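Comments concern the structure below.
Labels below follow one simple rule: chain letters A, B, ... track the order of the sequence lines, proteins then strands, and each chain is numbered from 1. Computed from a prediction, not measured in an experiment: that's the story for all the values here.
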Amino acid sequence: MTPDEGRAPGGEGAVVTRGLTKRYGRVTAVDSLDLDVRAGDRYGFLGPNGSGKTTTVRMLLGLVYATSGDIEVLGRSMPRHAGRVLPEVGALVEGPGAYPHLSARANLRLLDAAGPPVAGGPLADGVGSRGSRRRRIEAALEQVGLADVGRRPVRAYSLGMRQRLGLAAALLRGPRLLVLDEPTNGLDPRGIAEIRDLLLDLNARGTTVFLSSHLLAEVEAFCTRVGVLDRGRLVAQDDLDTLRGPTGRTRVRVDDVAAGARALGLPPRDTERPGPFAGEGDLVLDGTSVADATERLVRAGVRVLEAVPERRTLEESVLELTT
Amino acid sequence: MSTVVTSQARRRWLAVGSGTLLLATLLGVGPWLRATVAVEPAGTTPQAVLDRALASADVAFSATGESRGGLALPDLSGFGDLAALLGGTTDTRVWWGGPRRWRVDTVDALGETDTYGQAGSVTTWDYESRRLVTVVGDASARLPRADDLLAPTAARRLLGAVGPGDRISSLPARRVDGRVTDGVRVEPGDPRSTVAHADVWVDRATGLPLRLAVVGSGGTDALVSELSQVRLGQPDDAVLTPPAAPTARRSVESAPDLVARVAAASPWDMPDRLAGLGAVGPDLAGAPTYGDGLVRVAVLPLPPRTAEDVMRGATSAGSATEEVDGGRIVRIGSNLLNAVVVRGADQWHAYVVTGLVDPALLDAVAADLLADPPPPTRGFR
Amino acid sequence: MIGVELRKLLRRPRTWVSIGLLCLLPVVVAVFLAVTGIAPRPGQGPTLLAAVLGNGALYPAAALGIVLPFFLPIAVAVQAGEAVAGEAAAGTLRYLLVRPVGRTRLLVAKLVSVIAYTLLAVVAVAATGYVTGVTLLGTSGQLATTTLAGTALTPADLAWRTGVMVLYIGWSMVGVASVSLFLSTLTDSPLAAALGGLAVLVSSTVLVALDAAGAVRDYLPTRYWLAWVDLFRDPVAWQDIQAGALVQTGYVVVLLGAAWANFATRDVTN
């Protein structure tokens with residue numbers, strides 16, 4: 001895979017930073033960050049709380065100004081071209097924000113009217129913002145599952161509903177790039193799944209998603225590329241599959257561990273040193289391929305329930321990288 | 001802490017800062033420039049300037065005036081706004097058509113008191129009491145009014161009193177209210193005066209005194225009166241006519257205040273000389289006046305009951321009563337204006353002796369009055 | 001964006017509650033005056049109030065005189081303090097900015113909204129004053145409508161003088177607003193911005209009354225606040241009104257410049 005594959009025509013990256021640094025007084029919140037988010041990516045921006053994720057997201061959006069370094073979003077430098085870049089970006093930063101005394105629709109109407117006329121993007125119809133506003137608002141509310149929310153003021157919403165409203169606001173203009181900071185906060189598991197499906201669908205239609213989160217599982221379940229931030233530094237940035245690469249070991253699950261161990265010529269189970277015994281019925285084998293292991297077990301009459309090349313979990317990779 | 005937009009921020013703050021600085025400079029330096037730049041030095045003698053000022057009563061103008069008095073006087077009942085007038089800031093609006101056709105408004109945030117001068121009468125409209133008082137005839141004596149402190153009126157009165165013993169000199173010309181003025185300084189020749197000097201700035205074009213500053217011997221400004229927003233020309237007739245408010249309480253009187261009533265009813269035949277000072281016509285406050293040049297002492301006879309009130313008022317304001325030969329006196333002092341309330345032992349003779357002079361001179365006048373009480377005028381008794 | 005801000009202003013319950021409260025005080029005063037018939041002694045109490053008994057036509061001016069020293073500045077300072085800091089506190093500022101709305105444009109829209117609020121409040125007080133004045137105090141009473149100089153005022157005279165007064169007081173309040181608007185770009189707390197603006201006013205009021213501060217007195221924001229009284233003199237004394245309008249303009253320009261310089265390059269972290 002060459003680095004240019006998967007990029008939008010023109011070969012631009014969706015988000016590219018070089019040496020991005022932000023200092024607050026003596027504290028360095030973000031330290032020479034070189035992000036490379038390609039068009040079409042589902043990029044997971046992973047890091048513990050306080051690692052500088054939100055500051056980075058704010059810098060990408062022109063809310064916070066970098067101490068040094070360059071930012072390019074959708075091929076244009078930020079914050080200089082904010083006026084041309086941001087209309088094509090949908091964002092959810094540090095929780096949703098809405099006027100509590102207004103309904104969801106009224107909030108979206110005000111927000112949409114505040115911005116410049118609709119320019120482009122997959123969902124925009126180019127009719128001009130006023131004519132299509134009602135339709136776009138309904139579509140966005142439909143997408144996030146708030147279509148039947150009625151005229152209640154936002155004050156009466158649950159946290160999850162507010163989060164959905166924030167997402168609807170980000171989707172309003174059919175952005176080419178979605179920058180989402182902890183988008184599933186306050187959502188129940190079903191809501192999380194719904195939102196994930198929505199984002200997958202949008203991504204399939206060409207929207208790049210930049211998802212910042214401290215939840216490994218969320219990133220692992222959704223993203224194709226991952227950047228790992230630790231104390232302001234980018235410690236890894238790679239495809240999810242690469243980060244979760246095979247360990248070279250084989251994991252087999254058998255119905256009789258003792259028999260399996262014998263068949264494979266392993267020492268018997270020792271409570272002091274677990275050795276290859278992992279969990280109830282799992283054996284982890286060094287230097288034995290899946291094919292070899294299954295063959296030997298089947299020959300010995302041990303029933304194999306599962307046999308896979310062992311992969312690191314993302315958690316393991318991240319813990320390895322950040323400690 | 002610098003960011004990628006620091007230079008931009010710096011440019012913006014620089015623009016705002018320099019704009020503010022420019023504005024402040026214009027406000028600060030502007031008036032100074034206006035007052036000093038392009039003022040040709042005076043080409044006349046101080047005496048000529050003084051004469052022009054004295055002859056300026058007919059110059060018609062409209063203006064706003066401000067007078068600041070620095071005299072700390074006790075608030076005495078019966079003496080109206082005297083303490084406020086001489087001890088505070090008075091804002092006025094003036095329309096001057098001539099000595100017998102003028103209007104002076106004393107304005108503050110709560111209302112105004114308007115005085116209309118007309119031939120043979122002075123009408124006062126007081127908004128706060130909704131009273132329209134017309135005083136017919138010119139009282140021989142009365143308390144100072146706001147219009148007496150207007151720069152032209154006060155300056156003419158002061159310059160009119162200048163005697164041969166007083167020194168006059170030129171001050172550098174300057175602008176007052178944007179108009180070129182010639183300055184005259186008057187210094188009393190008599191050391192008993194409490195006035196160190198008085199400066200008058202006289203409009204070069206019209207002779208109108210635009211600014212007057214009287215400095216006491218203590219070195220502080222005792223009275224500063226200045227006109228601004230001066231527009232020359234006859235004021236509108238409608239402005240100079242007293243209002244015909246249908247709901248006002250109207251009255252016509254012949255004496256405007258306590259002093260005028262007292263002076264009109266004075267029972268004593270006052271002597272020609274007191275403490276070595278000769279009598280001159282009724283002056284500043286209209287009472288019988290002694291002295292010459294800038295040293296003037298006014299002697300106002302009081303009815304016994306009023307005298308008692310005034311003495312009580314003065315002592316309660318912090319002055320001490322002193323027993324002297326033939327009666328009692330109370331000194332009311334300020335840095336510039338001094339006064340002595342005198343009460344004869346016979347309970348009938350009582351006076352207020354006042355002037356811009358040394359208290360010792362007033363004591364001497366008081367002693368003379370007590371030692372040789374004036375006889376009643378014919379017709380009394 | 002300006003339209004959006006105005007819609008926000010008008011749809012906000014607090015706007016109407018605050019204006020309603022502003023209008024309530026003059027109504028209460030009018031009710032007491034009408035019921036008891038005891039007018040304050042002339043020269044005491046709010047300016048012109050003494051003249052309104054039995055003469056409701058002057059009441060709009062008196063009503064503004066009642067709310068001017070205290071309630072109006074508070075309402076305006078709170079409104080202006082909300083402008084940017086309120087959006088920040090509600091978490092909506094960042095979404096407006098990434099919509100995107102240019103920061104300068106946002107500031108201008110906020111200013112227009114604050115000016116609209118101020119005018120709305122002043123006009124509402126004047127209108128309430130007129131209605132209550134005419135209904136409760138009547139138009140034909142023992143006192144004719146006169147200027148402070150005692151000359152008669154025709155209804156047309158009174159109308160334009162009251163109109164200019166509304167504009168003048170409105171502009172004075174915009175001066176107040178610009179202080180709070182500037183502070184509103186400095187802090188994320190709307191309350192702090194509003195209180196800061198009020199603190200400036202109180203300091204200014206203290207200094208205006210202090211003779212020792214005479215050198216700067218004429219440049220203080222509250223110096224010419226009461227100059228609207230000059231509109232009811234005869235002839236009208238325009239000098240202080242002009243000076244007041246200029247001083248307020250100076251403050252508005254400088255403070256908005258500072259607000260712009262600060263906000264346009266500031267990190268938005270809320």
| field | Region of A:Ala91 in contact with chain C, defined by heavy-atom distances below 4.5 Å | value | both
| said: Heavy-atom count check: over 12 atoms from other residues, nucleotides or ligands less than 6.0 Å from C:Arg266 CZ? | reply: yes
| field | Option in A:Leu102, A:Leu110, A:Leu61, A:Val93 with maximal non-hydrogen atom pairs under 4.5 Å from chain C | value | A:Val93
| Does C:Arg99 reach the side chain of A:Arg173, with side-chain heavy atoms less than 4.5 Å apart? | yes
| query | With respect to chain C, which residue among A:Leu86, A:Leu92, A:Val89, A:Val179 yields the maximal number of heavy-atom pairs within a distance under 4.5 Å? | reply | A:Leu86
| query | Would you call A:Arg58-C:Asp267 a salt bridge at under 4.0 Å N-O? | reply | no
| query | Looking at OH of A:Tyr99 and OG1 of C:Thr92, how far apart are the two atoms once the value is rounded to the nearest 0.5 Å? | reply | 4.0 Å
| field | chain A interface, residue from C:Pro100, C:Pro13, C:Ala109 that has the most non-hydrogen pairs under 4.5 Å | value | C:Pro100
| note | Between C:Leu96 and A:Ala114, the two heavy atoms sitting closest are CD2-CB, 3.8 Å
| said: Heavy-atom count check: over 12 atoms from other residues, nucleotides or ligands less than 6.0 Å from A:Glu142 CD? | reply: no
| Which distance, rounded to the nearest 0.5 Å, do you find between the OH of C:Tyr95 and the CG of A:Leu172? | 13.5 Å
| Residue-level contacts of residues 2-12 of chain C with chain A, using a heavy-atom cutoff under 4.5 Å | C:Val4, C:Arg7, C:Lys8, C:Arg11, C:Arg12
| said: What I'd like to find out is whether the side chain of C:Val268 reaches to under 4.5 Å of the side chain of A:Val64, using heavy atoms alone. | reply: no
